[in-house]
Amino acid sequence: MTAPDRRTSHGVRAAPYGFLLPAALLFALFFALPIGYAVWLSLHKVHVSGLGLGSGARKQVWAGLENYTDALGDSELADGALRVLAYGCLVVPVMLGLALLFALLLDTERVRFAAFTRLAIFLPYAVPGVVAALLWGFLYLPDVSPFYYALDQLGLPQPELLDGGPLYLALANIAVWGGTGFNMIVIYTSLRAIPAEVYEAAKLDGATPLQIALRIKIPMVAPSLVLTFFFSIIATLQVFSEPTTLKPLTNSVSTTWSPLMKVYRDAFGSGDIHQAAAEAVIIALVTLVLSFGFLRAANRRQKQEAAR
């Protein structure tokens with residue numbers, strides 16, 4: 001037998017890296033480099049000399065953690081975070097609860113038109129967030145909404161959904177309408193992966209469909225529930241398009257309603273890109289810490305249940 005060619009062996013070992021190279025380049029260009037540049041901007045500021053006129057009057061200097069201390073002490077950023085917290089307390093439980101309910105109903109044996117129903121529930125997710133916010137925004141306006149016209153004809157009170165506390169419900173409705181379908185598909189896919197023998201054994205033991213759903217299906221799709229909760233938390237912390245789209249329709253949505261709106265205003269409205277970069281890094285770090293903490297807690301609980 002002839003000895004294997006060294007060049008061929010080396011090419012086989014290097015082949016996986018060749019396949020990974022395009023993804024690594026895209027990751028570096030569109031993810032790692034922008035993050036690094038944002039961190040670099042957050043550590044600098046613009047120093048203005050005199051009246052700020054002339055070629056050397058404005059120069060970029062080292063600021064250290066000054067931008068971060070200013071951002072952490074900014075009441076507008078803190079108020080935006082509290083508003084997003086209240087918004088998330090409405091969106092996440094309702095959206096995941098509906099997604100789980102729809103997935104369980106679609107997984108029953110007697111369901112009809114399952115394919116059409118899955119598509120109908122998932123279809124709102126395919127609508128871009130800005131388009132969905134515009135559609136719902138006009139439905140919320142009393143002068144053009146058919147719902148307000150119907151309420152007026154019936155002599156019923158017409159709630160002001162774009163002012164005060166109801167504004168949270170209006171924004172949460174847009175997010176729930178758009179995100180339930182995606183989460184439902186994730187949970188439903190996990191339900192379909194459960195072996196049929198598990199259900200047959202439960203039926204032989206006299207379990208009802210409700211007992212099967214509560215004691216078998218929901219515990220077995222717990223990893224999918226954790227995943228969807230993880231995605232929902234990230235999406236909630238990054239809410240931007242819905243309040244920004246509704247802002248021209250109401251005075252209740254300020255330019256700093258959410259932390260990302262504050263970042264956008266500081267970067268492109270006030271022109272303070274260094275302060276905006278610091279705020280963006282803080283938001284990213286908070287998202288990372290919350291996500292990591294939640295995943296770690298979920299994994300610890302799974303290990304404890306497996307040990308039992």
Side-chain angles (χ1 to χ4, degrees), residues 71-102 121 124-125 127-184 228-266 269 279 282-283 286-287 290 294:
L72 292 174
D74 193 335
S75 60
E76 289 184 332
L77 187 64
D79 293 341
L82 292 177
R83 283 189 287 266
V84 168
L85 177 62
Y87 166 82
C89 290
L90 290 173
V91 171
V92 176
V94 175
M95 182 168 57
L96 295 185
L98 288 175
L100 178 61
L101 176 63
F102 290 149
I121 298 174
Y125 175 74
V127 179
V130 175
V131 176
L134 280 175
L135 292 173
W136 281 106
F138 284 108
L139 292 176
Y140 293 152
L141 287 177
D143 294 335
V144 297
S145 174
F147 298 116
Y148 280 89
Y149 176 78
L151 291 174
D152 181 59
Q153 294 298 314
L154 295 174
L156 298 176
Q158 302 176 9
E160 183 60 50
L161 296 177
L162 294 178
D163 188 21
L167 176 63
Y168 289 89
L169 298 176
L171 290 169
N173 174 66
I174 299 173
V176 170
W177 183 82
T180 299
F182 171 80
N183 295 316
M184 181 273 296
T228 53
F229 183 81
F230 175 71
F231 287 156
S232 300
I233 289 294
I234 294 177
T236 300
L237 293 174
Q238 296 178 352
V239 60
F240 176 80
S241 61
E242 291 87 354
T244 301
T245 306
L246 291 183
K247 184 182 177 301
L249 305 180
T250 175
N251 294 325
S252 298
V253 179
S254 64
T255 56
T256 59
W257 192 89
S258 71
L260 282 187
M261 292 178 68
K262 173 78 163 54
V263 173
Y264 182 85
R265 191 203 67 177
D266 289 346
E279 293 166 353
I282 291 174
I283 295 172
V286 171
T287 305
L290 290 178
F294 172 73

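All values below come from the heavy atoms of this structure, side chains included, with hydrogens, waters and symmetry mates left out. When a residue number appears, it is its place in the shown sequence, counting from 1. No experiment lies behind these values; they were computed from the predicted model shown.
Annotation for F294: atom CZ counts as buried by contact number, over 12 foreign heavy atoms lying within 6.0 Å. Residue-environment remark: OH (Y125) stays at or below the threshold of 12 foreign heavy atoms within 6.0 Å. Within 6.0 Å of CZ on F240 lie more than 12 heavy atoms contributed by other residues, nucleotides or ligands.
The two atoms that bring V253 and K247 nearest to each other are O-CG, 3.4 Å, heavy atoms only.
One finds no salt bridge joining R83 and D79 here, because no Lys/Arg side-chain nitrogen approaches an Asp/Glu carboxylate oxygen to under 4.0 Å.
Between the CG atom in L162 and the CG atom in L169 there is a gap of 11.5 Å [rounded to 0.5 Å]. Rounded to the nearest 0.5 Å, atoms CZ (F147) and CG (D152) are 15.0 Å apart. One distance of note links CG of L72 with CG of L77; it measures 8.0 Å at 0.5 Å rounding.
Using a 4.5 Å heavy-atom threshold, the side chains of T236 and V84 count as touching. In this structure, the side chains of L161 and P142 stay at 4.5 Å or more apart for every pair of heavy atoms. At a threshold of 4.5 Å between non-hydrogen side-chain atoms, the residues T287 and I283 count as touching.
W177 and W136 have perpendicular rings, their planes meeting at more than 60° on a 0 to 90° scale where under 30° would count as parallel. Relative ring orientation between Y87 and W257 is described as perpendicular, the plane-to-plane angle rising above 60° on a 0-90° scale split at 30° and 60°.
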